[in-house]
Amino acid sequence: MKETLTHPVIITPRLMAGVAVPDGYLSVAPAGDVGEYGKPRWTYAIDVSGWDEEGSDLYGWGDSRAMLGTLVSFLCAAAESYAYRMSTGRAGESEDLFPPRVVEWAYANSDELSMLALEIEEG
């Protein structure tokens, strides 16, 4: 499948479709199989400031841009849940979507991630 990448989507240092984020990159690639409901499975990588996190539990139809939008939306939801817990002491719904260091990074960069979500959506 040939795909044309347009701003803000780039080829990251992992040679995957992705976007630049504060101190690093988010990358996605099709995993080549489908999940329980027939949705294609995607792998993702979060590479920032000397650490990285990889996952293969992202499912959805669409191209790399759509899946990057989904990944950024999940990161924003996790950051929002973290903020909720910090202000109320009660657990949020989405904080467990990623490991703690990813959620803390997303919280610290939530403004930039929100702006990135809009850029991806506009494309």
Side-chain angles (χ1 to χ4, degrees):
M1 171 176 104
K2 186 176 178 180
E3 184 176 353
T4 302
L5 305 180
T6 58
H7 180 77
V9 181
I10 59 171
I11 298 297
T12 67
R14 284 186 182 248
L15 301 179
M16 297 164 67
V19 290
V21 294
D23 300 323
Y25 300 92
L26 303 178
S27 306
V28 297
D33 59 353
V34 296
E36 179 180 349
Y37 299 105
K39 288 184 181 179
R41 184 170 62 93
W42 290 73
T43 60
Y44 64 88
I46 302 167
D47 295 293
V48 294
S49 299
W51 59 265
D52 64 86
E53 194 68 45
E54 296 177 4
S56 59
D57 56 348
L58 191 61
Y59 294 87
W61 289 282
D63 58 8
S64 297
R65 181 182 205 97
M67 294 316 299
L68 283 163
T70 300
L71 178 59
V72 171
S73 294
F74 286 148
L75 287 165
C76 289
E80 187 176 317
S81 285
Y82 182 86
Y84 177 79
R85 183 174 56 80
M86 297 300 287
S87 67
T88 66
R90 295 185 305 250
E93 296 178 358
S94 301
E95 195 173 344
D96 63 351
L97 293 175
F98 299 97
R101 70 177 172 188
V102 174
V103 176
E104 291 170 9
W105 171 84
Y107 171 74
N109 295 284
S110 59
D111 289 343
E112 292 87 350
L113 289 171
S114 295
M115 293 302 295
L116 181 58
L118 291 173
E119 276 188 84
I120 292 170
E121 189 177 300
E122 287 175 355

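As the structure is a prediction and not an experimental result, all values here were calculated from the model. The figures here come from the full heavy-atom set of this structure, side chains too, leaving out hydrogens, waters and symmetry mates.
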If I compare all heavy atoms of [X] with all of [Y], which pair ends up nearest, and what's the gap?
X	Y	value
E3	R65	OE2-N, 3.9 Å
C76	S114	SG-N, 3.9 Å
K39	G60	CB-N, 4.0 Å
T43	S56	CG2-CB, 3.8 Å

List for me each residue that meets side chain to side chain contact (heavy atoms under 4.5 Å, CB included) alongside [X], sequence neighbours excluded, and say none if there are none.
X	value
A117	V72
T70	L58, M67, F74
A66	D63
E112	P22, N109

Reported [atom1]-to-[atom2] distance for the pair [X] and [Y], which is rounded to 0.5 angstrom:
X	Y	atom1	atom2	result
L75	L26	CG	CG	6.0 Å
R41	D33	CZ	CG	4.0 Å
T6	I120	OG1	CD1	10.5 Å
M16	L68	CE	CG	9.0 Å
S64	I11	OG	CD1	8.0 Å

Do you reckon [X] sits in the same ILVMFWY cluster as [Y], going by side-chain contacts under 4.5 Å, direct or chained?
X	Y	result
V48	V28	yes
I10	V21	no
L71	L5	yes

Heavy-atom side-chain proximity of Y59 to V34 below 4.5 angstrom | no

Restricting to pairs with a member in residues 17-29, which pass side-chain hydrogen bond (donor to acceptor under 3.5 Å, both in side chains), not counting sequence neighbours?
-> T12-S27, D23-S49

Go through the structure and list residues passing ring-ring contact (aromatic ring centres under 6.0 Å, His included) with Y82, not counting sequence neighbours.
->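 Counting only residues at least two positions away or on another chain, Y82 forms a ring-ring contact (aromatic ring centres under 6.0 Å, His included) with Y107.
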
Results of salt bridge (Lys or Arg N to Asp or Glu O under 4.0 Å) for [X] - residues two or more places apart only:
X	result
E95	R85
D111	none
E54	R14

Check which hydrophobic residues are tied to W61 through side-chain heavy-atom contacts below 4.5 Å, counting indirect links as well, and list them.
->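 Noted: W61 shares its cluster with no other residue.
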
Share the residues that join Y37 in a hydrophobic cluster, the rule being Ile, Leu, Val, Met, Phe, Trp or Tyr side chains under 4.5 Å apart at the heavy-atom level.
-> none

When you look at CD of E93, are more than 12 heavy atoms from neighbouring residues, nucleotides or ligands closer to it than 6.0 Å?
-> no

W105 and F98: side-chain contact (heavy atoms from CB on, under 4.5 Å), yes or no, with the steps?
-> CA-CA 11 Å; W105 171 84; F98 299 97; over 6 Å; no

Could you tell me which residues satisfy side-chain hydrogen bond (donor to acceptor under 3.5 Å, both in side chains) with T4, sequence neighbours excluded, listed by chain and number?
->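 For T4, no residue satisfies side-chain hydrogen bond (donor to acceptor under 3.5 Å, both in side chains) once neighbours in sequence are set aside.
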
